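Just so you know, these numbers come straight off a predicted model, no measurement behind them. Numbering of residues begins at 1 and proceeds along the displayed sequence.
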Amino acid sequence: MAHKIGSDVQDKQRVARAERQELKQELAEQAAKRPPRPRNRRRMITVIVVAVVIILAALFSVLTLLPSATSSSGGVPVGTAAPEFTLPTYRGGGSGMIDLQALRGHPVLLNFWSESCPPCRVEMPFLERSYTQYAAHGEFTLLGIDQADPKEDIAPFGKAFKITYPLLFDPGDKVNVAYGVTAIPTTYFIDSTGVVRAVFVTQLSPKTMREGLASVGIGMP
């Protein structure tokens, strides 16, 4: 009798073990069929957001540092007529009044500057060299239009920098306003018909000078 009871217990244990094994196997199969969960989803989202922010910041930096080849906000758009003006000469070549319309027939460069502008002071020797090499021989006319300085300061400043191209005084900053100058130095390249072909709201370099002159039909090595 005792042997029979022991045998029954062993049979029940074997059945229980078999059922547990089947249950484990079934659970394993169900788990294998489920789509894998993303590991550390929150971390992945954070990494993606940071990457997007870095890319946008890099794009903003590139766009900000690139020299502008079009007019600044509120300025004269490329492809439109340059506003006419007549301004007095206070230093450099020429004397009396300079009329922009009277210069039709060959390109004109308008450089807006100020003696209190450090990039302008760095740029002026380069402009003078370019003027001496090209404009003085008739390829183009270079005009420096002062912004906000007292007219009495223009002549001494031009003399100190040995400028030979005309430096003009803009009473009331009317021409600066007409050209939408909000940052200096700003240089407009105007072709022989009086149309704006390029604008650089930055200190000119040999590269940008070459690009600007090419836009008005002048080749520069």
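The heavy-atom pair separating P107 from E139 by the smallest distance is CD-O, 3.6 Å. Minimum interatomic distance between P77 and T80 (heavy atoms only, all atoms of both residues): O-OG1, 2.6 Å.
No side-chain heavy atom of L167 sits less than 4.5 Å from a side-chain heavy atom of D146. Counting heavy atoms from C-beta outward, L110 and V175 have side chains that stay 4.5 Å or more apart. A heavy-atom distance below 4.5 Å is found between the side chains of L87 and P171. In this structure the side chain of L143 reaches within 4.5 angstrom of the side chain of F85, judged on heavy atoms. Counting only heavy atoms from C-beta outward, the side chains of P83 and Y179 approach each other to under 4.5 Å. Between T182 and V201 the shortest side-chain heavy-atom distance does not fall below 4.5 Å. When side chains are defined from C-beta on, M209 does not count as touching T187, because their heavy atoms never get closer than 4.5 Å. Within the 4.5 Å cutoff, side-chain heavy atoms of L213 are placed close to those of L109.
Donor-acceptor pairing under 3.5 Å is lacking for the side chains of E211 and S215.
The main-chain N or O of N176 is found under 3.5 Å from a side-chain atom of D170 such that the two form a donor-acceptor pair. Side-chain N or O atoms of Y188 include none that pairs as donor or acceptor with a backbone N or O of A82 at under 3.5 Å. Between the side chain of Q147 and the main chain of F112, no donor-acceptor pair closer than 3.5 Å is present. For the pair R121 (side chain) and E115 (backbone), a donor-acceptor distance under 3.5 Å is present.
If you take OG on S130 and CZ on F140, they are separated by 6.0 Å, rounding to the nearest 0.5 Å. Atom CZ of F200 sits about 12.5 Å away from atom CG of N111, to the nearest 0.5 Å.
Under the 6.0 Å cut-off for aromatic ring centres, W113 and F157 qualify, their centroids lying closer than that.
The side chain to side chain contact (heavy atoms under 4.5 Å, CB included) with F126 is formed by just one residue from the set M124, R129, E128; it is R129.
Linking ILVMFWY residues whenever their side-chain heavy atoms come closer than 4.5 Å, directly or via other members, leaves I218 and V195 in distinct clusters.
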Would you check, one step at a time, whether the test side-chain contact (heavy atoms from CB on, under 4.5 Å) holds for Y165 with L127?
CA-CA 9 Å; Y165 59 87; L127 290 175; 3.7 Å; yes
